[in-house]
> 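For reference, the structure I am asking about is given below.
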Amino acid sequence: MPPTDLSGRSEGLVYRLLQFDQLPSTNDHLRQLSREGAPEGTVVLADHQTAGRGRRGRSWASPPGVGLWFSVLLRPSRPAREAPLWALLAAAAVRAAVHEVAGVAAQVKWPNDVVVAGAKLAGILAEMAGPAARPAVIVGIGLNVNQEEGDFPPELRGRATSVRLSVGRPLPRETLLHPILRHLATRYRQALRGGFAPLLDEVTHHSATVGRWVAVTEAEGVWTGLAVGLAPDGALLVRPEGTGPAVAVYAADVSIRPAPSPAKGGPRL
Ligand code: BTN
């Protein structure tokens, strides 16, 4: 079936919203449209993804009827190396929208999650497309809206949540989509005009990571430290346990850890 085209304008960004019943992955479909010259603001939304993707090659469960699975095409006039910032921008937009619409006290977990009391509510997959000189960014957003506990695969139970589980009632998914697009557009315009400093302040303020002890899992191994802030390029600054200056962490999994006992002599807050 051809997609439904529900286009509109939000905060100066013209959105062209293409709605599908089913796709393998909205990021993959939008990448193809981007290659064919789709304009900035193209949004691909699917009720069901059969091969939804997460970071680091993981799959993303995207069953029909319960979530918002969509991707937004941006064509920023800024260098491609700022890619990690786009995921934080989208996470901040989702956090603000679920708070505004449903009163959910969500936080941003570096680098690409929105969490409620530590459980994952949304994940962002920001991918670069096109040449570095004329970058395109595909911002994929997966937001759990109406799942109940038993709807999550067993390995995610207790670690994933939904807007419904957070507020105790189901919510029409479309009430969240346009506020997310509006919050995304506001932050995008602001970043293009004046840089990412206000976004980084917002993310730090609503962070589930900064100020916490974390385990950093990299290809070379796992180490622990205190997350002390965000670098201007969106990296997480972590002071390793015991010694040393803060290290900028880019490509890693980060999980929250309890503070070490004082006897172990970690860095002080
Ligand atoms: C993660 O947490 O690792 C990121 C998950 C991103 C999932 C979204 S759903 C819409 C878009 N299409 C995909 O295939 N992935 C993203």
Side-chain angles (χ1 to χ4, degrees), residues 3 15 17-35 38 42-74 83-95 97-98 106-116 118-129 136-147 151-153 155-163 173-174 176-177 180-181 184 203 207-209 217-218 234 236 249-256:
Y15 283 114
L17 178 53
L18 304 173
Q19 191 169 359
F20 294 81
D21 288 338
Q22 180 174 306
L23 283 176
S25 155
T26 57
N27 267 36
D28 293 347
H29 190 77
L30 189 54
R31 180 179 293 272
Q32 183 55 37
L33 295 182
S34 166
R35 278 197 202 107
T42 303
V43 180
V44 170
L45 172 75
D47 181 46
H48 175 207
Q49 293 184 118
T50 53
R53 296 189 290 108
R55 276 176 79 234
R56 306 179 142 235
R58 296 183 187 119
S59 65
W60 177 264
S62 325
V66 289
L68 279 175
W69 326 125
F70 64 104
S71 305
V72 183
L73 182 63
L74 301 176
L85 290 166
W86 305 115
L88 290 175
L89 189 145
V94 172
R95 189 216 66 82
V98 295
Q107 291 178 301
V108 176
K109 178 174 172 285
W110 189 94
N112 71 323
D113 291 350
V114 180
V115 298
V116 180
K120 186 155 168 166
L121 181 74
I124 316 292
L125 182 65
E127 299 180 305
M128 304 305 297
V137 186
I138 294 167
V139 180
I141 298 176
L143 171 63
N144 300 323
V145 181
N146 279 327
Q147 287 96 331
D151 293 330
F152 291 110
E155 66 278 13
L156 292 184
R157 286 187 200 147
R159 294 173 46 218
T161 190
S162 67
V163 176
R173 286 173 292 168
E174 56 283 3
L176 286 159
L177 178 64
I180 293 172
L181 294 176
L184 189 76
V203 170
S207 179
T209 319
T217 306
E218 296 174 317
L236 183 67
V249 174
Y250 289 91
D253 276 333
V254 166
S255 53
I256 310 299

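Just so you know, ligand 1 is whichever comes first in the structure, and atom 1 is the first atom listed for that ligand.
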> Please state which part of Arg56 comes within less than 4.0 Å of ligand 1, counting heavy atoms only: side chain, backbone, both or neither.
neither
> Relative to the heavy atoms of Ser71, which atoms of ligand 1 are at a distance of less than 4.0 Å?
11 (C)
> Please name all residues satisfying side chain to side chain donor-acceptor pair (under 3.5 Å) with Arg159, sequence neighbours left out, ordered by chain then number.
none
> Give a yes or no on whether the backbone of Asn27 and the side-chain of Ser71 come within a donor-acceptor separation of less than 3.5 Å.
yes
> Provide the number and element of each atom of ligand 1 under 4.0 Å from a heavy atom of Gly54.
1 (C), 3 (O), 4 (C), 5 (C)
> Taking distance alone, with N or O pairs closer than 3.5 Å, would you say Ser25 contacts ligand 1?
yes
> At less than 4.0 angstrom from any non-hydrogen atom of Asn112, what atoms of ligand 1 do you find?
1 (C), 2 (O), 3 (O), 4 (C)
> Check whether any side-chain N or O of Arg53 sits under 3.5 Å from a backbone N or O of Thr26 as a donor-acceptor pair, and report yes or no.
no
> What's the separation between atom CD1 in Ile141 and atom CG in Leu68, rounded to the nearest 0.5 Å?
9.0 Å
> Going by the atom numbers of ligand 1, which of them fall below 4.0 Å from some non-hydrogen atom of Arg55?
1 (C), 3 (O), 4 (C)
> What are the atoms of ligand 1, with element, lying closer than 4.0 Å to any heavy atom of Gly52?
14 (O)
> Which residue owns the protein heavy atom closest to atom 11 (C) of ligand 1, what's the atom, and how far is it?
Thr26 OG1, 3.3 Å
> Using a 4.0 Å cut-off to any heavy atom of Phe70, which atoms of ligand 1 qualify?
10 (C)
> For the backbone of Phe20 and the side chain of Gln22, can you confirm whether one donor and one acceptor N or O come within less than 3.5 Å of each other?
no
> My understanding is that only one of Leu73, Val72, Ile138, Leu23 makes a side-chain contact (heavy atoms from CB on, under 4.5 Å) with Val44; could you say which?
Leu23
> Can you sort out the partners of Ala92 under side-chain contact (heavy atoms from CB on, under 4.5 Å), two or more places apart, ordered by chain and number?
Arg187, Leu199, Glu202, Val203
> Quick check on contacts: which atoms of ligand 1 are under 4.0 angstrom from a heavy atom of Lys120?
1 (C), 2 (O)
> Please work out whether any backbone atom (N, CA, C, O) or any side-chain heavy atom from C-beta onward of Gln49 is under 4.0 Å from ligand 1, and answer side chain, backbone, both or neither.
side chain
> Would you mind checking which non-hydrogen protein atom is closest to atom 4 (C) of ligand 1, with the distance to 0.1 Å?
Ile124 O, 3.5 Å
> In Å and rounded to the nearest 0.5 Å, what is the CD to CG distance from Gln19 to Asp47?
8.0 Å
> Is the backbone of Trp110 close enough, under 3.5 Å, to the side chain of Thr209 for a donor and an acceptor to pair up by distance?
yes
> By number and element, which atoms of ligand 1 are closer than 4.0 Å to a non-hydrogen atom of Arg53?
5 (C), 6 (C), 7 (C), 13 (C), 14 (O), 15 (N), 16 (C)
> Please write down residue, atom name and distance for the protein heavy atom closest to atom 5 (C) of ligand 1.
Trp60 CE3, 3.4 Å
